[in-house]
Amino acid sequence: MQINGNYRNLQPNYLFSTVTKRVAEERRRHPGKPIYRLGVGDVTLPLCPAVIGALGKAVEEMSAAETFRGYGPEQGYDFLRERIQQYYAAFGVSLDLEEIFVSDGANSDLGNILDLFSKENTALIPDPVYPVYLDTNTMDGRKVLFMDGGEENDFLPLPDPSVKADLIYLCSPGNPTGAVYTRAMLQSWVDYARARGGVILFDAAYESFVTGDLPHSIYEVEGAKECAIEISSLSKTAGFTGMRCGYTVVPRTLEREGMSLNRMWLRRQTTKFNGVSYVVQRGAAAVFTPEGRRQTGEATAFYRENAALIAAALRELGVWFTGGVCSPYIWMACPEGMGSWEFFDLLLREAGVAGVPGAGFGRNGEGYFRLTGFGSREETCQAIAALQELYRARGLAG
Ligand SMILES: *Cc1c(COP(=O)(O)O)cnc(C)c1O
């Protein structure tokens, strides 16, 4: 027998374990010294009352033979898919129910969707970006090209017509950068993909953080239904990181080599996936009710305000950054050419602030640093004060 040797090519992912380890060491060295955690990429607020109510009711239903549910439709119950359909309609995107597939989260589908594509394809991935795109393609042995994000393009790389890529990853609002593509920028990606016959995999995990006129969905752009799959999640939208529910949109008009990717995905899901639990789907449907939208919107606004407070402090210090507006993330330049890990250690030791070194998100992340708005207001404000004090005491410049 042979194992999948591609696993040998995976880079060990020590990012979050190293961060956790260094924070624990600092605690041991200085017990009692406060450490403000602005690094965690997980939500902290509990599920909203609308979701809790729906979950309770669904659990009750499972206790009586008349209302008990066994296997459900693999692509998700209509009561949830109809809500998602209405949600998209609110930003001008009309979807057929058959185009919406309920999942147990974005990560599963980001990996599973690759079942539909030949391993001979080339993937194009932003650098820096969420590490899952690279790892899932490496596991398949697919060739990967990177598109450079940097201060010159505000970490929003645009297509280079000379690059030959088949699978194009976009994440907007971005993790770790918090940067958001405009409609015009997404249009250039759609035009590039269509000209090449490529397929865009659009990660919309943070779309609920978008405000103003920026796009929530790739389908707000002309022609996207001929070239894009959108993968989204309730994890950051509604605090579902531990509940596990998301959705993937595969348009019916998306065809390659005479095959419908929508039908291929349906076939794949009905074979390899038996759907998300009834109880969780009831909780998810409550997210899209007017009450659920209001309650989850309050939580999102709270995280966004935390990020805005950090952004305001950095602006005042003259530090270069992206994000902090339509995102829970702030992506800041380390001071005076300092390396990501060097800045991590300085910030932790001198200010008691724990963030995430940008180098963990790709080569171009070196020299940058991620802070998040997922903490409590108190912790965020204390961290900001400690950061300001460090910059002033050390005479650090942006
Ligand atoms: C958190 C996150 C996900 C994972 O979502 P799940 O639904 O919890 O699997 C996907 N993409 C990005 C960019 C994320 O930050």
Side-chain angles (χ1 to χ4, degrees), residues 13 15-16 19 38-45 47 51 76 80 84 100-114 123 125-137 149 155-157 167-181 200-210 215-218 228-249 269 273 275-277 280-281 283-284 287-288 296 299-300 303-304 307 322-324 326-331 355-356 358 360-362 365 370-374:
N13 193 351
L15 180 63
F16 288 97
V19 166
L38 294 194
V40 259
D42 199 353
V43 295
T44 51
L45 293 172
L47 295 174
V51 169
L80 174 54
I84 296 169
I100 302 166
F101 298 80
V102 175
S103 73
D104 62 352
N107 260 21
S108 313
D109 278 8
L110 283 166
N112 295 336
I113 202 80
L114 294 177
I125 299 177
D127 175 0
V129 89
Y130 192 56
V132 168
Y133 315 151
L134 172 61
D135 288 351
T136 48
N137 278 288
F155 287 91
L156 292 169
L167 290 170
I168 301 131
Y169 284 83
L170 297 175
C171 180
S172 178
N175 179 6
T177 65
V180 190
Y181 279 106
I200 293 172
L201 300 175
F202 189 80
D203 185 338
Y206 295 93
E207 64 75 23
S208 64
F209 286 83
V210 168
H216 288 255
S217 162
I218 185 95
I229 291 172
E230 184 159 295
I231 296 173
S232 199
S233 166
L234 293 182
S235 283
K236 319 300 171 11
T237 301
F240 269 51
T241 50
M243 291 280 289
R244 311 308 306 146
C245 195
Y247 46 91
T248 289
V249 177
Q269 291 298 76
F273 183 57
V276 177
S277 93
V280 168
Q281 289 193 64
V287 171
F288 297 99
T296 55
T300 306
Y303 296 138
R304 215 169 26 216
T322 57
C326 294
S327 163
Y329 297 123
I330 303 274
W331 178 250
V356 182
F361 299 98
R370 193 189 80 175
L371 296 173
T372 80
F374 284 130

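Numbering of ligands and ligand atoms starts at 1, following listing order. For reference, positions follow the sequence shown, starting with 1.
Closest non-hydrogen pair, Leu45 versus Ala299, comes out as CD1-CB, 3.6 Å.
Shortest contact from atom 1 (C) of ligand 1 to any protein heavy atom: Lys236 NZ, 1.4 Å. When hydrogens are left out, the protein atom nearest atom 8 (O) of ligand 1 is Ser235 OG, 2.6 Å; that is the closest non-hydrogen contact. Here the protein heavy atom with the shortest distance to atom 3 (C) of ligand 1 is Tyr130 OH, 3.3 Å.
Interface atoms of ligand 1 facing Ser233, defined by a heavy-atom separation under 4.0 Å, are 5 (O), 6 (P), 7 (O). Against a heavy-atom cut-off of under 4.0 Å, Cys171 is close to the following atoms of ligand 1: 13 (C). Residue Tyr206 has at least one heavy-atom neighbour below 4.0 Å for each of these atoms of ligand 1: 1 (C), 13 (C), 14 (C), 15 (O). Taking every non-hydrogen atom of Asp203 and a distance limit under 4.0 Å, the qualifying atoms of ligand 1 come out as 10 (C), 11 (N), 12 (C), 13 (C).
Thr44 contributes a side-chain N or O that, together with a main-chain N or O of Phe374, makes up a donor-acceptor pair within less than 3.5 Å. When atom types are taken as modelled, the side chain of Gln281 and the backbone of Val276 share a donor-acceptor pair closer than 3.5 angstrom. Checking side-chain atoms of Arg370 against main-chain N and O of Gly39 turns up a donor-acceptor pair under 3.5 Å. Here the side chain of Ser327 pairs no donor or acceptor atom with the backbone of Gly324 at under 3.5 angstrom. Panel note: side chain Thr322, backbone Ala179; no donor-acceptor pair is recorded below 3.5 Å.
The closest approach between a heavy atom of Gly246 and any atom of ligand 1 is not below 4.0 Å.
With a heavy-atom cut-off of 4.0 Å, Ala106 touches ligand 1 through backbone and side chain alike. Heavy atoms of Asn107 found under 4.0 angstrom from ligand 1 belong to the backbone as well as the side chain.
Distances between N or O atoms of Asn175 and those of ligand 1 include at least one value under 3.5 Å. For ligand 1, the polar-atom distance check finds an N/O of Arg244 within less than 3.5 Å of one of the ligand's N/O atoms. For a threshold of 3.5 Å applied to N or O pairs, the pair formed by Thr241 and ligand 1 contains no separation below that value.
Side chain to side chain, Glu230 and Ser217 meet the donor-acceptor criterion of an N or O pair below 3.5 Å.
Legend: residues meeting ring pair (Phe, Tyr, Trp, His ring centres under 6.0 Å) with Phe202, ordered by chain and number and at least two apart, are absent.
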**Prompt:** After noting the C-alpha distance and the side-chain angles of Tyr206 and Tyr329, does the key distance pass the ring-ring contact (aromatic ring centres under 6.0 Å, His included) rule?
**Reply:** CA-CA 10 Å; Tyr206 295 93; Tyr329 297 123; 5.2 Å; yes
